[in-house]
Amino acid sequence: MSGVKLQNVIKKYGDVQVIHRIDLEIADGEFCVFVGPSGCGKSTLLRMVAGLEETTSGAINIGDRDVTVLDPSERGVAMVFQTYALYPHMTVFNNMAFGLKQAKTPPKEIDRRVREAAEVLQITDYLDRSPRNLSGGQRQRVAIGRAIVRDPEVFLFDEPLSNLDAALRVQTRLEIARLHERLKSTMIYVTHDQVEAMTLADKIVVMRAGRVEQIGSPIDLYRNPSNAFVAQFIGSPKMNFFTQADLAKNGSKSLPAAATGAHIGIRPEHLTGCTEAKALVGGTLDLVEQLGEYALVHLVSASGEAFIVKMEHPPKTAKGETMWFTAQSDALHLFDQSSGLRIEANSSSS
Ligand code: ADP
Ligand code: MG
């Protein structure tokens with residue numbers, strides 16, 4: 001097993017730069033997730049680690065080896081793709097064994113490894129089947145099995161759940177988490193889905209437009225997003241942003257001085273109903289989505305922006321009526337309106 005280190009890594013396609021000088025250290029055994037909107041460079045960066053894309057400049061280390069210019073097969077990595085990329089004319093067993101056969105692994109050893117991986121993934125009963133006769137979830141397990149048998153130093157996953165239906169996505173996500181617990185290998189996992197990132201990762205790398213926006217543990221990113229982009233990307237429904245214009249009559253009294261001229265971010269789950277006198281912000285009711293355990297109350301702020309409050313017991317307010325809310329001071333996040341950077345509440349700048 002080995003960690004992965006990226007130093008000053010850059011990728012250009014001709015004149016177009018798609019990865020801008022990324023530095024990143026992934027510890028041995030860590031589950032690292034690259035997350036960000038479509039087109040931000042997640043797959044490109046992962047494929048650079050795999051050796052499927054050339055690195056324009058910078059260095060990539062796996063363990064203590066510089067692998068920057070090595071072929072994929074020499075890097076000790078195994079990759080699982082969104083489209084399972086199985087050979088349709090081969091049985092599940094032969095799909096899983098293919099790489100080992102090519103590497104001239106002794107047949108007995110191949111048999112042992114394939115059966116062991118199949119056991120872990122609960123696909124032993126399907127070993128003689130053709131992939132054609134498997135469900136999407138089973139095919140993806142075969143693809144993961146094909147990676148496991150190679151006993152790689154690092155597992156690379158590129159949106160492996162995207163082709164599965166919602167229920168299977170949740171189940172397979174859990175299986176990948178268990179797999180990591182069991183194998184304790186270094187894993188890098190790419191997704192655009194912040195829920196997958198939050199639930200799987202030890203370390204999340206939030207990317208946007210070829211740059212790293214923030215690196216941290218899931219709870220770090222949730223509690224201390226370092227900019228407005230991360231604040232709204234992590235957490236669902238996303239963090240509400242208010243301005244001075246949205247504050248209730250007494251609202252500014254409870255805010256730190258630094259809030260003046262800033263975006264005031266408050267998560268839907270941190271707003272609580274209160275009287276107008278105690279309110280920080282108010283809004284007119286637009287719509288209530290009742291989800292049983294809680295409801296998502298959609299409102300429109302004084303400045304005309306939509307915001308959401310998560311409530312266990314939504315009041316029977318009519319559409320268009322005003323509702324008032326407050327939040328604990330530690331649930332307030334302040335961001336500079338132009339740079340988007342986090343402002344510490346006790347800082348003196350405005
Ligand atoms: P993600 O996986 O985050 O959705 P990608 O890594 O696939 O994003 O793509 C990042 C950017 O690189 C995109 O703007 C994409 O258009 C561009 N890109 C990817 N592959 C190529 C290529 N072969 N030639 C030119 N541009 C590319
Ligand atoms: Mg991608």
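Numbering of residues begins at 1 and proceeds along the displayed sequence. Just so you know, ligand 1 is whichever comes first in the structure, and atom 1 is the first atom listed for that ligand.
Protein heavy atom closest to atom 1 (P) of ligand 1, with residue, atom name and distance, is G39 N, 3.5 Å. At the shortest separation from atom 5 (P) of ligand 1 among protein heavy atoms lies T44 OG1, 3.5 Å. With hydrogens left out, the protein atom closest to atom 7 (O) of ligand 1 is S43 CB, 3.9 Å, a heavy atom. Summary of contacts: the protein heavy atom closest to atom 23 (N) of ligand 1 is Y13 CE2, 3.4 Å. Of the protein's non-hydrogen atoms, the one nearest atom 17 (C) of ligand 1 is V18 CG1, 3.8 Å.
Residue contact annotation: G41 has a non-hydrogen atom under 4.0 Å from ligand 1.
For residue Q82, no N/O/S atom approaches the Mg ion (ligand 2) to within less than 2.8 Å.
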Exercise for review: Might you work through the side chain to side chain contact (heavy atoms under 4.5 Å, CB included) test for I266 and F325, ending with a clear yes or no?
Suggested key: CA-CA 11 Å; I266 309 174; F325 302 95; over 6 Å; no
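Just one residue in the list V190, I19, V35 forms a side-chain contact (heavy atoms from CB on, under 4.5 Å) with M207, and that residue is I19.
Note on R342 versus E344: salt bridge recorded, some NZ/NE/NH1/NH2 to OD/OE distance being below 4.0 Å. Salt bridge status for R113 with D151: absent, with no side-chain N to carboxylate O gap under 4.0 Å.
Criterion: ILVMFWY side-chain heavy atoms under 4.5 Å apart, direct or through other members. Under it, I188 and L45 are part of a common hydrophobic cluster.
Protein heavy atoms all stay at least 4.0 Å away from atom 15 (C) of ligand 1.
Counting non-hydrogen atoms of other residues, nucleotides and ligands closer than 6.0 Å to CD of E54 gives a total of 12 or fewer.
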